[in-house]
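Predicted, not measured: the structure shown is a model, and the values here were computed from it. Whatever order the structure lists them in is the order used to number ligands and atoms, beginning at 1.
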Amino acid sequence: MSGPTLLIVEDEEPARHALAEYLQRRGYEVYQAASAHEAMRQWDAHRADLVLLDLGLPDLDGVDVIRRIRREATTPIVILSARGDERDKIAGLEAGADDYLTKPFATDELNARIRAVLRRAGGPDADAKGCLRLGPIELDAVRREVHVSGELVSLTPREYELLKVMLSSQGRVLTKARLLRAVWGLAYADESAYLHVYVNRLRRKLSAAAPATSLEGLIETEPGIGYRVADHESVRQLPSRTVAPR
Ligand code: CA
C-alpha cells in the first residue's frame, strides 16, 4: 500500500531527484515532470493528490500549469519558488495555488506544508452546525457569532467577514488582493494598508477576549504576500502551545 500521490514539477534534475527520493522514503507515491508540458501529461495520466510546482520552467510559466489544473480540480498545489520572487508567488497564489515554499527549504517545513494542504483537501470547511474552528476560535456562521475559548467577541460585519474568509482557508496562504476582493469587493484589491489595519484590529479583539489564550501562529503575516492561516488539525495536535489552560 502506498500513501498519497504527489506530482513534483521541477526542471532542475538533482533537486527534483532529491525531493522525489526524500518523499518516497516518507511513504508518498511520487510522479515527476521536468517541464510544464510534461507536468500536464503527468497530471492527465495520474491526477496526483498534491502538486509541488516550480514556477520557473523551460517551456511555459508554472502559473499556466496552475490555471490548467484549477480548471479541472481543487487538488492542493504548493509553489516552489526562489527567494525574492514575490510577484511570482503572488501570481501563483492568485491563480489558485494553496501555499508556497521558498527555496532552499528545510524538509520539516516541506512536510508541514504538505500535511497541512492535504488535510485541508480532505476536511469539510464547516461542521454540520455551520461552525468554523481554528484553535480556540469558533465562528458560528448561522448565528454570525465568534467565540474565543468560550468568550463572545464583538466584531463589526467587516471584521466578521474577514475572519470567516480566513477560517474557511485553513492551511493556505491568502494574498492581500484576494482578501480585499472577498471582503470589500473588487474596487479595493489594492488597498493593502486598509487590510493591515483590519487584520491588526481583528487580532487585538480576539486576543483581548481571552487573554489567557495564545493566538500566536494562527494567522501569520507573510511579508509582501498576505496572510497564512494555520489549520485546525495541526493546532489541535499542539494544544499546550496554542491553548493555555483556563
Ligand atoms: Ca526552475
Checklist outcome for this item: The number of protein N, O or S atoms lying under 3.0 Å from the Ca ion (ligand 1) is 3
Checklist entry - What residues, two or more places apart in sequence or in another chain, satisfy side chain to side chain contact (heavy atoms under 4.5 Å, CB included) together with Ala39? => result Val9, Ala33, Val65
Checklist entry - Got a sec, which residues hit salt bridge (Lys or Arg N to Asp or Glu O under 4.0 Å) with Asp98, two or more places apart in sequence or on another chain? => result Arg70, Arg120, Arg172
Donor-acceptor contacts, no H, no angles, side chain residues 178-189, under 3.5 Å, sequence neighbours left out:
unit_1: Arg181; atom_1: NH1; unit_2: Glu94; atom_2: OE1; d: 3.1
unit_1: Arg181; atom_1: NH2; unit_2: Glu94; atom_2: OE1; d: 3.1

Item to check | 4.5 Å side-chain heavy-atom contact, Tyr100 and Leu80 | outcome: no
Item to check | Residue pair Val30 / Gln32, side-chain heavy-atom distance below 4.5 Å | outcome: yes
Next on the checklist: Could you tell me if Arg201 sits above the aromatic ring of Tyr198, with its cationic atom closer than 6.0 Å to the ring centre and no more than 45 degrees from the axis?
Outcome noted: yes
